[in-house]
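First up is the structure itself, then whatever we jot down about it.
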Number of protein chains: 2
Amino acid sequence: MIQDKKNAFNKFAAGKGLRSTRQRDCILNVFLSTHQHVSVEELYLKVKACCPGVGQATVYRTLKLFVEAGLAREVLLHDGQTRYEHVQAGEHHDHLVCTGCNAIIEFENETIEKLQDQIAERHGFMIRSHKLEIYGLCADCRS
Amino acid sequence: MIQDKKNAFNKFAAGKGLRSTRQRDCILNVFLSTHQHVSVEELYLKVKACCPGVGQATVYRTLKLFVEAGLAREVLLHDGQTRYEHVQAGEHHDHLVCTGCNAIIEFENETIEKLQDQIAERHGFMIRSHKLEIYGLCADCRS
DNA sequence: CTGCTTTTGATTATCATTTTCAATTTATCG
DNA sequence: CGATAAATTGAAAATGATAATCAAAAGCAG
């Protein structure tokens, strides 16, 4: 499925007349190899490890392309850094967000999803997506 | 209910040994008179209109106090500006958001809340608040 | 009032992100 | 193959929102 995403990006790039470069390949590889929500800084450090000489500006620019291409999504936490997360097919949007350390724990709960469907139906509402965020303190930050 | 909020802030201020100042009163009045999500800049302009000479720094500082006092909440949009919205007593955090007409339908579901508690407990997480947003089309926009 | 502490406003600093621009790289076409 | 035009890059500078600094002013207890 990593290949799928690479193909998706290439298709997007071709459609926009973008050129294929070593830097973009590298950044895409690194991004696809990450989990959770990565900040630009984190990504930049990883990219430097495998492709030294790549500038931050390029990382910033390329991430915006990924968003345009539908591969990534910006996530705003409260630490002043924009983070990027993968856009997955059939992904879930349910998170426990720790306001202490900004950790994010993802979860999925089928019962909650079903209840959402019921509620939507009751209001004649057609669901396209949803986001459930629970804020609080994670186990580490409580102690 | 505006008075309630003023009282709430005064109580908070008293508890923290904060002093009552003309600037804070003015900023609180202006904030309470706004709707939607206001940016610091917008607030600053309105404050200047009624209390000229108030500095931006004071507006920033005071808004953070409102958050601490539980009157306001930071909202991060994707325009690089932090906005503040009102925290209302007995407010619901569960919304059906219509992407067609921007209508917002509030709802509450006890079962979902309980499930959230269970999930949090399972992860050793202490819930402070939550937000559930279901995006889609409302009955009107579907037709 | 007096003295002590908080608050303020102006300025400066900080930090993430964006822009600029000359140099380089890529794709295209003869 | 080259040559050419267009896109891309990296380094550095610019930007813009927010935070920190600090001397002066204001609030408050005695």
Side-chain angles (χ1 to χ4, degrees), chain A residues 9-31 37-69 72-85 102, chain B residues 9-31 37-69 72-84:
Chain A
F9 183 68
N10 289 336
K11 196 173 160 192
F12 164 82
K16 286 206 55 169
L18 302 185
R19 293 180 177 172
S20 134
T21 69
R22 184 169 30 85
Q23 291 81 332
R24 289 215 260 251
D25 285 351
C26 172
I27 297 171
L28 181 53
N29 277 326
V30 169
F31 177 66
H37 310 79
V38 250
S39 68
V40 183
E41 184 62 17
E42 288 163 352
L43 227 10
Y44 171 60
L45 292 177
K46 290 194 188 218
V47 167
K48 265 211 308 199
C50 76
C51 295
V54 173
Q56 301 197 54
T58 303
V59 178
Y60 274 99
R61 285 188 279 236
T62 307
L63 284 171
K64 292 209 171 290
L65 286 179
F66 294 169
V67 172
E68 260 193 90
R73 180 188 304 117
E74 290 189 349
V75 180
L76 300 176
L77 303 179
H78 288 261
D79 64 347
Q81 274 188 273
T82 302
R83 286 155 190 284
Y84 289 86
E85 67 177 8
N102 287 317
Chain B
F9 182 69
N10 289 336
K11 195 172 160 191
F12 164 82
K16 286 205 58 169
L18 302 184
R19 292 178 178 171
S20 136
T21 68
R22 185 172 30 86
Q23 294 72 341
R24 288 216 261 250
D25 284 351
C26 171
I27 297 171
L28 181 54
N29 277 325
V30 169
F31 176 67
H37 311 83
V38 250
S39 68
V40 182
E41 184 62 17
E42 287 162 352
L43 227 11
Y44 171 59
L45 291 177
K46 290 193 187 218
V47 167
K48 264 212 307 199
C50 76
C51 296
V54 172
Q56 301 198 55
T58 303
V59 178
Y60 274 100
R61 285 187 281 238
T62 307
L63 283 171
K64 293 211 171 286
L65 285 180
F66 293 169
V67 172
E68 261 192 89
R73 180 188 306 117
E74 289 190 348
V75 180
L76 300 176
L77 271 32
H78 289 260
D79 63 347
Q81 275 188 273
T82 301
R83 286 156 191 284
Y84 289 86

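Fair warning: this is a prediction, and the values are worked out from it, not measured in the lab. Note that these values count all heavy atoms, side chains included, but never hydrogens, waters or copies made by symmetry. Within every chain, numbering begins at 1; the chains are lettered A, B, ... in the order of the sequence lines, protein sequences first and strands thereafter.
- Scanning all heavy atoms of the two residues, the minimum distance from A:Val40 to A:Leu63 falls at CG2-CD1, 3.9 Å.
- Note: CD (B:Glu41) to C1' (D:dA17) measures 10 Å, nearest angstrom.
- A sub-4.0 Å separation between OP1 or OP2 of D:dT18 and a side-chain N or O of B:Tyr60 is present.
- If you take CD of B:Gln56 and C1' of C:dT8, they are 14 Å apart, rounded to a whole angstrom.
- Atom-to-atom distance recorded for A:Glu41:CD and A:Lys46:NZ is 13.0 Å, nearest 0.5 angstrom.
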Reading nucleotides 25-30 of chain D from the 5' end, what letters show protein touch, with B for base, S for backbone sugar-phosphate only, - for no heavy atom under 4.0 Å? -BBS--
Donor-acceptor contacts, no H, no angles, side chain residues 19-31 of chain B, under 3.5 Å, sequence neighbours left out:
unit_1	atom_1	unit_2	atom_2	d
B:Thr21	OG1	B:Arg24	N	3.2
B:Arg24	NE	B:Arg19	O	3.4
B:Arg24	NH2	B:Arg19	O	3.0
B:Asn29	OD1	B:Lys6	NZ	2.6
B:Asn29	ND2	B:Asp25	O	3.3

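- B:Ile27 places its CD1 atom 13 Å from the P atom of C:dT7, with the value rounded to the nearest Å.
- A distance below 6.0 Å separates the ring centres of B:Phe9 and B:Phe66.
- Checking C:dA10, C:dT7, D:dA19 against the side-chain heavy atoms of B:Ala57 singles out C:dA10 as nearest.
- Regarding A:Lys64, its NZ atom lies at a distance of 18 Å from the C1' atom of D:dT8, rounded to whole Å.
- Rounding to whole angstrom units, CG of residue B:Leu65 and P of D:dA19 are separated by 12 Å.
- In this structure, A:Asp79 atom CG and D:dA19 atom C1' are separated by 15 Å, rounded to whole Å.
- The two residues B:Arg83 and B:His37 have their closest heavy-atom pair at NH1-O, 3.5 Å.
- Nucleic acid contact for A:Lys16: none, since no nucleic acid atom lies under 4.0 Å from a heavy atom of the residue.
- Across the protein-nucleic acid pair, B:Leu77 atom CG and D:dA17 atom C1' stand 15 Å apart, rounded to whole Å.
- For the salt bridge (Lys or Arg N to Asp or Glu O under 4.0 Å) with B:Glu68, the lone residue among B:Arg73, B:Lys16, B:Arg61 that qualifies is B:Lys16.
- Pairing each heavy atom of B:Tyr44 with each of B:Val54, the nearest pair is CE1-O, 3.2 Å.
- Between the OH atom of B:Tyr84 and the C1' atom of D:dA17 there is a distance of 11 Å, given to the nearest Å.
- For the pair A:Glu74 and B:Tyr44, both in contact range of DNA chain C, the more 5′-proximal nearest nucleotide belongs to B:Tyr44.
- Residue-to-nucleotide proximity on DNA chain D shows that, of B:Gln81 and B:Arg61, the 5′-proximal contact is made by B:Gln81.
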